[in-house]
Amino acid sequence: MEQIIVRPSSGLRGEVPISGAKNSVLKLMAATLLAPGESVLHNVPAISDVGIMAELLRAMGADVTLTPGTARIVVPEVCGLEAPYELVERMRASIVVLGPLLGRFGRARVSLPGGDDLGPRPIDMHLSGLQRLGARFESEHGYIEARAEVLRGTEVLLEYPSVGATENLLMAAVLAKGRTVIENAAREPEIYDLCEMLAKMGASIVGAGTSTIEVEGVERLSPVTHSVVPDRIEAATYLAAVGVAGGELTLRGARAGHMEMLIEKLRAMGMTISDTGNGLWAMAPRTLHSVDVVTLPYPGVATDYKPFLVAMLSVADGVGIVTENIFQGGRFGYIDELRRMRADIRTQGHHAVVRGTTTLSGARVKARDIRAGAALVVAGLRAEGETAVTGVEHIDRGYDALVPKLAAVGADVTRVEG
Ligand code: UD1
């Protein structure tokens, strides 16, 4: 069993290259299903979720070649229409093939995703939105059977700006007849990236990045070459690392405009952060100040940043209250692990009260999801003795070279067997 061993590290210094965004590349890979022929994605992160999406596309008959930084995907004229349990169970984001399959073939059979460590994650909004476009669903033996004789554009008002529902709707609407208007759409940079790629494929989309997206359906789309947007959540991880360990870092490729609210929070904690044009430069104060944090849909502070902010607050001066508004339940699971490192955190409902302490205490802790795992590594930079993070496979799902990137800027981090 692999582990990441972290020892106290101070004064990180140097440059970290930021990879393409996990939460974008998976959807862009699914979007290639919309057009037969060879699409090429650049700035593809080396993460295991990309491997799972590649397997899923192969299961549908696509020929996928992954080389460092690039995914070449050749989509056939006729695709397999099933997303099997074995793959959806390993990666919930697989549900995002539903929209493109319905859009192009009018049929799909997708395993229903179960719950996960982040709590219940229903897909009712995906289904009711697609139903508005004319799809019908039946659920049998754990699979959703989807059919649509014809998809017709219409107005879809999302009850909540769900990222996944917006993506599935977009990818169905681009090949539907007539105009679809998605109201209360998600505005995340990854949605914008998807819209950009779809537009390059020949889709007609107005309002990407706003809460009203209008799509005029077209007859067919063409394959595309596209570069994945930089990962703002990965960038946030390194901002937290320098915040916790001290020092100064340049994050090459990070986009300040995608992380404005987070940057404001980190400045309020005492960090100096500037936009270098081609990235971010960040310097940490001797001691971070506590702040309160509320997670919200974009452009608010992302729920995915929260574990890093909690790790930072654990070693800040004062008390910070963190309120989770996006996911019910489970998104505080990693806090028990941080407590094992002597962090002073109390949770009540969807709030966490974090009382800062000067140093944490290294312990054996378990990563239960991608971001929580990375946050434990970050916390270990300020923990006496040794922190051993297990559950490394969760971190690998979403991080391209976390350990080498941290080690290259002076962190005492290694990956070991056993
Ligand atoms: C995506 C991101 C995830 C991020 C989240 C919120 C990917 C692969 N994952 O997840 O990292 O934390 O956005 O920014 O891109 N909901 C429903 N019904 C639905 C859909 C969602 O109730 O049909 C609820 C969810 O349970 C959750 C909230 O809405 O409480 C947000 O979900 P959503 O925005 O859809 O997140 P994901 O696309 O699953």
Side-chain angles (χ1 to χ4, degrees), residues 20-31 45 47-50 52-53 56 87-88 90-99 110 112-132 135 137 139 144 156-171 182 184-194 211 228-229 231-234 236-237 258-259 261-262 294-309 323-334 350 369-375 394-395 397-399:
K22 172 187 93 78
N23 285 356
S24 194
V25 69
L26 302 174
K27 328 304 171 65
L28 304 182
M29 290 174 79
I47 57 176
S48 61
D49 270 10
V50 163
I52 298 177
M53 187 52 92
L56 185 54
L87 295 172
V88 179
R90 284 165 66 197
M91 188 181 72
R92 289 189 100 261
S94 309
I95 187 72
V96 86
V97 298
L98 182 59
V110 178
L112 268 166
D116 60 15
D117 269 357
L118 305 180
R121 291 219 253 171
I123 54 162
D124 52 314
M125 281 185 258
H126 301 231
L127 302 186
S128 59
L130 292 167
Q131 240 160 4
R132 295 267 308 154
F137 297 100
S139 155
I144 307 165
V156 181
L157 171 61
L158 291 177
E159 195 181 320
Y160 174 90
S162 153
V163 171
T166 304
E167 291 163 339
N168 256 332
L169 276 167
L170 270 169
M171 290 192 271
I182 309 173
N184 200 22
R187 291 183 279 166
E188 272 72 0
E190 295 77 26
I191 301 274
Y192 188 89
D193 199 25
L194 174 62
S211 49
V228 183
V229 72
D231 197 322
R232 64 198 165 103
I233 307 168
E234 187 197 23
T237 314
H258 291 173
M259 318 173 64
M261 209 71 93
L262 175 73
V294 177
T295 64
L296 285 171
Y298 190 82
V301 173
T303 180
D304 302 65
Y305 298 150
K306 197 186 50 186
F308 313 127
L309 287 160
T323 304
E324 168 62 34
N325 284 321
I326 311 296
F327 286 97
Q328 296 170 0
R331 277 236 153 167
F332 280 135
Y334 59 95
H350 62 132
D369 75 69
I370 304 171
R371 308 301 167 191
H394 290 290
I395 296 177
R397 285 189 51 197
Y399 281 91

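Remember, it's 1-based here, ligands and their atoms both numbered in the order they're listed.
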Problem set entry | Interfacing atoms of ligand 1 (cut-off 4.0 Å, heavy-atom, Ile326) | 27 (C), 28 (C), 30 (O), 31 (C)
Exercise. Is the number of heavy atoms from other residues, nucleotides or ligands under 6.0 Å of Gln131 CD greater than 12?
Worked result: yes
Exercise. Which bit of Thr303 is near ligand 1, meaning a heavy atom under 4.0 Å away: side chain, backbone, both or neither?
Worked result: side chain
Exercise. About how many Å separate NZ of Lys27 and CD of Glu190, when rounded to the nearest 0.5 Å?
Worked result: 7.5 Å
Problem set entry | Sub-4.0 Å heavy-atom approach of Ile123 to ligand 1 | yes
Exercise. What distance separates Thr166 OG1 from Leu158 CG, expressed to the nearest 0.5 Å?
Worked result: 5.0 Å
For this session: Say whether Asn23, considering both its backbone and side-chain N or O atoms, lies within less than 3.5 Å of an N or O atom on ligand 1.
Result: yes
Problem set entry | Shortest heavy-atom approach to atom 16 (N) of ligand 1 - which of Glu188, Met125, Lys306, Glu324 | Met125
Exercise. Looking only at N/O atoms, are Arg92 and ligand 1 under 3.5 Å apart anywhere?
Worked result: no
Exercise. Hey, does Lys22 come in under 3.5 Å of ligand 1, counting only N/O atoms on both sides?
Worked result: no
For this session: Flag Pro161 as yes when one of its N or O atoms lies below 3.5 Å from any N or O atom of ligand 1, and as no otherwise.
Result: no
For this session: With sequence neighbours left out, write down each residue that passes side-chain hydrogen bond (donor to acceptor under 3.5 Å, both in side chains) with Thr237, or none if nothing qualifies.
Result: Tyr399
For this session: May I ask you to identify, for Asp124, whether its side chain, its backbone, both or neither come under 4.0 Å of ligand 1 on a heavy-atom basis?
Result: both
Seminar exercise, completed: Of Pro113, Gly164, Pro122, the one whose closest heavy atom lies nearest atom 20 (C) of ligand 1 is Pro122
Exercise. Are Glu159 and Asn184 side-chain neighbours, meaning at least one heavy-atom pair lies under 4.5 Å?
Worked result: no
Exercise. What do you reckon, is OH of Tyr298 surrounded by more than 12 foreign heavy atoms closer than 6.0 Å?
Worked result: yes
For this session: Compare all side-chain heavy atoms of Leu194 with those of Leu28 and state whether any distance is below 4.5 angstrom.
Result: yes
Exercise. Side-chain contact, heavy-atom cut-off 4.5 Å: Phe137 with Leu98?
Worked result: yes
Seminar exercise, completed: Taking only non-hydrogen atoms of Tyr160 and a 4.0 Å limit, the atoms of ligand 1 in range are 28 (C), 29 (O), 31 (C)
Exercise. Is the closest heavy atom of Glu167 to ligand 1 under 4.0 Å?
Worked result: no
